[in-house]
Amino acid sequence: MLPLTHELGLRGAEALSRAFGVDLTGKVQIDRSQKADLQCAAAMQLAKSLKQPPRALAEVLVKALAEHPAVRSTDIAGPGFVNVHLADGWLKDNVGQALSLRQIGVGQTVVIDYSSPNVAKPMHIAHIRSTIIGDAIKRVLRAVGYTVIADNHLGDWGTQFGKLIVAHRKWLDESAFAHSPVQELLRLYIMFTEQEKAQKIAIGKKVDGDADEDDDDAPPLLQEARAELVKLQQGDKENVALWKTFIDVSMREFERVYSRLDVSFDVVLGESFYNDKLANTVQLLLDKGLAEESEGAIVVRFDKARDGEAMAPLIVQKKDGGFLYGTTDIAGMLYRVEHWRASRVIIVTDDRQQLHFRQFFAACRQLGVRTSMEHVFFGLMRLAEGTISTREGNLIGLEALLDEAERRAAVVARECNSELTDSEVLEVGRVVGIGAVKYNDLSKDRTTLVTFTWDKALSLTGNTAPYLQYAYARIQSLMKKAAAAGVVPGALVSFEPTERVLVMTLLAFDDVVEQVALTSRPHALCEYLFELAAQFSTFWSELSVLKAEPEVRPGRLRLAQLTGDVLSSGLDLLGIGVLERM
RNA sequence: GCGCUCGUAGCUCAGCUGGAUAGAGUAUCGGCCUUCGAAGCCGGGUGUCGUAGGUUCGAAUCCUACCGAGCGCGCCA
């Protein structure tokens, strides 16, 4: 529908510009409407600035729009709404355009940073949102022509490695490590935290204030960890080897999850990749007079006049000379802009980091970065019992979630369709189960906290992926029967209200995809696909295809086919698969 | 204290770059499988859109204040 609404908007704007002698290009928006096929509210919006009654503008619009071949009639309603009714013939002839997407991203490169799990920790249910939302945005951007670099910005550097190295030396259980290494690393990390806490209590320090003040009276364990970290940073062979092992075993586990989720990246540039660029980054900030020394540290300050808002300063170098993740992020942004020539950089994380992103984006802007920098954030996930915490160990592993999702979907498949073979049941469980989990996260735009429950995360009825997959499977079944009966898709003949509604929705596909590409909000695509599937379900139960009069069969079959095509491409853009039978 | 994200039906959420009577799912109740797949379809009821002001022809949507929730705020990431 995009070409049409776009064209009509242009025509309307042209007509108004001519009538009133003012350039109104781009000021006339055409939207879908409940009262008609399309509506235009421009008459009221522009009335004041043109010093004309809305009605006079509406008259001009009504005439101009009515001339378009797609338009059957136009009228004015209420205070100046322009209603547009489209011609049935035009809709029937043009429904085939539904699948074509305008290539709005051609020639532009986008770097999208998502998933970004921490090395040496298992992925748990809170990691899934960044992973899935990021991957969907990647697919959508690619579909509209962008060159997309998907980057997994691994948490593979930082103070936790000092702790892990110490814990690994002291308490490693070799057989456990051989069997499930990341689980063992997690155990070591938790053990370290507990022992450190015990030492703090023993020497009479407050357990909570993990301010980790400077010094000498820090618990011995922590002092050891710091020493190991310094050795690691200085390139100590043994520590570097250990660190690499941690990364290897973690990546192997992450890959297993990504493969199950059908998620992929073009590059994996973790925090450590930017290590050798950090000193230069700080120097650059200093040279440009953007950073200054403060209490021994080096900070970037922000003010309202220059940065649009007053924010706390961002520390880019600690007084001990160490760098922080803000430094890494700035270095990362510079790299992405220079090396990839990115015109957009999108980073997907939870909403707790908003301040950090505003700070580091502002610092980048001060450095002259013109690229559009977008922080796509979502609400934190928690359990009914409380916040998910690695240290507390109250994790629900991502793999456990996926296992359970597949199991539940397989049970339902067995119950609902007795024709499926055992291996098909497993396959259906896989595609439907994973689809349900993904859709559950993709379909909500909420930035509020999400409390995890199995039943919500694994629901299989209503507005869920299985509902869409089911509509698709029924269409494929119909297509097979049609082929066997020698019916082939053809021109639309009948045009019952149900069919007309379906055509209007099919034609809106490109509009929705473009919107998602521009706003990075995949849930709009979920909403759309659900609406489409619901309208198809109504069509399916109300009207016959193969049992209808011979002359209307090809057209109805074509509608079904197009619906199936849009459903499968739409789901593919979300990273969700479809099945011929389920 | 300052800031961020929110507050819409019993529950989970759309709608928020202002547009016509505020929508889905779920739950609940009642219909629909000898006719292309019932993980489905059809029908019934529910709202101080947190509260109070303001801007406007028009506000769930924009602005201000307040109430409530979660999160964040210089040497962790």
Side-chain angles (χ1 to χ4, degrees), chain A residues 29 31 33-35 39 41 44-45 47-48 54 77-81 83 116 118 155 157-160 210-212 214 271 294-299 309-320 322-326 328-329 350-356 358-359 377-380 382 387 409 412-413 415-417 419 428 432 440 443-451 453 455-456 459-464 466-467 469-471 473-482 485 519 523-524 526-527 530-531 533-534 537-548 556-557 560 581-582:
Chain A
Q29 177 85 27
D31 302 303
S33 164
Q34 290 168 356
K35 303 260 173 181
Q39 73 168 41
M44 290 165 296
Q45 288 154 355
K48 187 158 284 180
F81 289 101
N83 288 327
S116 310
N118 288 321
W157 198 250
T159 51
Q160 76 268 26
D210 48 0
D212 278 1
D214 314 297
E271 292 169 2
S294 167
E295 296 171 32
I298 297 179
V299 306
E309 60 181 323
M311 292 179 283
L314 177 69
I315 299 185
V316 292
Q317 187 164 14
K318 301 191 278 188
K319 68 179 166 193
D320 68 5
F323 303 108
L324 293 102
Y325 83 135
T328 308
D329 282 344
D350 72 66
D351 63 359
R352 287 176 305 178
Q353 302 189 46
Q354 282 179 82
L355 175 61
H356 169 73
R358 292 210 312 279
Q359 289 174 323
F377 54 85
F378 50 83
L380 192 65
R382 51 169 280 157
T387 310
V412 174
E415 280 170 9
C416 292
N417 190 342
E419 293 175 13
V428 171
V432 171
N440 179 249
S443 62
K444 291 170 184 54
D445 195 37
R446 282 312 174 84
T447 56
T448 43
L449 175 136
V450 177
T451 300
T453 65
D455 285 342
K456 269 191 278 172
S459 163
L460 302 173
T461 56
N463 186 357
T464 62
Y467 179 82
Q469 292 166 323
Y470 180 62
R474 287 196 295 191
I475 291 169
Q476 299 324 302
S477 162
L478 179 65
M479 296 307 296
K480 262 177 242 156
K481 287 208 162 78
T519 61
H523 86 286
C526 294
E527 289 270 315
F530 177 68
E531 188 190 350
S537 296
T538 301
F539 165 89
W540 173 275
S541 58
E542 272 184 17
L543 302 172
S544 305
V545 178
L546 301 179
K547 290 174 179 149
R556 293 223 171 122
L557 191 62
R581 308 210 292 171
M582 62 184 272

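Just so it is clear: chains get the letters A, B, ... in the order the sequence lines come, proteins before strands, and each one is counted from 1.
Going from atom CG of Leu355(A) over to atom C1' of G3(B) covers 8 Å, rounded to whole Å. Note: CG (Asn440(A)) to P (U26(B)) measures 14 Å, nearest angstrom. With rounding to whole Å, Leu380(A) atom CG is found 12 Å from G72(B) atom C1'. Spacing between atom CH2 of Trp540(A) and atom P of A39(B) amounts to 11 Å, rounded to whole angstrom units. Rounded to whole Å, atom P of A77(B) lies 14 Å from atom CD of Gln359(A). The separation between Asp455(A) atom CG and A27(B) atom C1' is 13 Å, rounded to whole Å. Atom NZ of Lys35(A) and atom P of A20(B) are 8 Å apart (whole Å). Here C2(B) presents its C1' atom at 12 Å from CZ of Arg358(A), a figure rounded to the nearest Å.
When the nucleotides A39(B), C75(B), C71(B) are ranked by their closest atom to the side chain of Arg352(A), C71(B) comes out on top. Comparing atom distances between the Leu324(A) side chain and each of G19(B), G74(B), C75(B) picks out C75(B) as nearest. For Arg474(A), whose side chain is taken as the heavy atoms from C-beta onward, the closest listed nucleotide among G37(B), C57(B), C4(B) is G37(B). Considering only side-chain atoms of Val428(A), the nucleotide from A39(B), C41(B), A77(B) that sits closest is A39(B).
Partners of Phe81(A) according to the ring pair (Phe, Tyr, Trp, His ring centres under 6.0 Å) rule, which considers only residues two or more places apart in sequence or in another chain, do not exist here. Shown here are the salt bridge (Lys or Arg N to Asp or Glu O under 4.0 Å) partners of Glu419(A), two or more places apart in sequence or in another chain: Arg581(A). Partners of His356(A) by ring pair (Phe, Tyr, Trp, His ring centres under 6.0 Å), not counting sequence neighbours, listed by chain and number: Tyr325(A), Phe360(A).
Counting non-hydrogen atoms under 4.0 angstrom, Asp329(A) reaches nothing in the nucleic acid. Using a 4.0 Å heavy-atom distance criterion, Leu478(A) is classed as a base contact. Residue-level contact check: Met582(A) touches the bases, meaning some heavy atom is under 4.0 Å from a base atom. Residue Ala413(A) is in base contact, counting any heavy-atom pair closer than 4.0 Å across all strands shown. The residue Lys481(A) sits close only to the backbone: its heavy atoms come under 4.0 Å of sugar-phosphate atoms, none of a base. Across all strands shown, Gln45(A) has heavy atoms under 4.0 Å from base atoms, whether or not it also approaches the sugar-phosphate. Glu542(A) comes within contact range of no nucleotide atom at all, as no heavy-atom separation falls under 4.0 Å. Heavy atoms of Ala77(A) sit under 4.0 angstrom from at least one base atom. Within 4.0 Å of Ala312(A), counting heavy atoms only, lie sugar-phosphate atoms of the nucleic acid but no base atom. Residue Arg382(A) is classed as having no contact, given no heavy-atom separation below 4.0 Å to the nucleic acid. Looking at heavy-atom distances under 4.0 Å, Ala560(A) makes no contact with the nucleic acid at all.
Taking CZ from Arg358(A) and CD from Glu309(A), the interatomic distance works out to 4.0 Å, rounded to the nearest 0.5 Å. Rounding to the nearest 0.5 angstrom, the gap separating the CG atom in Leu478(A) from the CG atom in Leu546(A) is 5.0 Å. To the nearest 0.5 Å, atom CG of residue Leu355(A) and atom CE of residue Met311(A) are 7.0 Å apart. The CD atom of Gln39(A) sits 10.5 Å away from atom CD of Gln29(A), with the distance rounded to the nearest 0.5 Å. Remark: Asp329(A) CG to Gln359(A) CD distance equals 11.0 Å, nearest 0.5 Å.
Between the side chain of Gln39(A) and the base of A20(B), at least one donor-acceptor pair of N or O atoms lies under 3.5 Å. Contact of Tyr470(A) with A39(B) (side chain to base): no donor-acceptor pair of N or O atoms is detected under 3.5 Å.
Residue Ser477(A) has a polar side-chain atom (N or O) positioned under 4.0 Å from OP1 or OP2 of G37(B). Between Tyr467(A) and C41(B), a side-chain N or O to OP1/OP2 separation shorter than 4.0 Å is present. Checking the phosphate oxygens (OP1, OP2) of U56(B), no side-chain nitrogen or oxygen of Lys48(A) falls inside 4.0 Å. The side chain of Lys318(A) places an N or O atom within less than 4.0 Å of a non-bridging phosphate oxygen (OP1 or OP2) of C76(B). Applying the 4.0 Å criterion to OP1 and OP2 of C42(B), one finds that Thr538(A) has a side-chain N or O inside that range.
Closest approach of Pro466(A) to Val432(A), counting heavy atoms only: CG-CG1, 3.6 Å. Taking all atoms of both residues into account, the shortest heavy-atom contact from Ala534(A) to Tyr467(A) is CA-OH, 3.1 Å. Closest non-hydrogen pair, Val316(A) versus Phe323(A), comes out as O-CD2, 3.6 Å. In terms of heavy-atom proximity, Arg556(A) sits nearest to Ala548(A) at NH1-CB, 3.6 Å.
Remark: the backbone N or O of Lys456(A) is paired with a side-chain donor or acceptor of Asn440(A) at under 3.5 angstrom.
Between the P atoms of G15(B) and U55(B), the separation comes to 29 Å (whole Å). Only the C1' atoms considered, A77(B) is 42 Å distant from A22(B), to the nearest whole Å. When the C1' atom is compared between C62(B) and G18(B), the two are found 7 Å apart, to the nearest whole Å.
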Under the rule of Watson-Crick or G-U wobble with both distances under 3.5 Å, where | means paired to another strand and [ ] a crossing pair, RNA chain B maps to (((((((..((((.....[...)))).(((((.......))))).....(((((..]....))))))))))))....

Let me see the working for Thr328(A) and Trp157(A) under side chain to side chain contact (heavy atoms under 4.5 Å, CB included), right down to the final yes or no.
CA-CA 10 Å; Thr328(A) 308; Trp157(A) 198 250; over 6 Å; no

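A heavy-atom distance below 4.5 Å is not found between the side chains of Thr461(A) and Tyr470(A).
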Quick tally for nucleotides 7-16 of chain B: nucleotides whose base has a protein heavy atom under 4.0 Å get B, sugar-phosphate-only ones S, the rest -, giving -B---SSSS-

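Nearest-nucleotide positions on RNA chain B place Phe539(A) closer to the 5' end than the other of His356(A) and Phe539(A).
Against the 90° criterion about 0, the sugar-base torsion of C41(B) places it in the anti range.
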Using a cutoff of under 3.5 Å, can you pull out all pairs of nitrogen or oxygen atoms linking the protein to nucleotides 29-35 of chain B, with atom names and distances?
from	atom 1	to	atom 2	distance (Å)
U35(B)	O2'	Lys547(A)	NZ	2.2

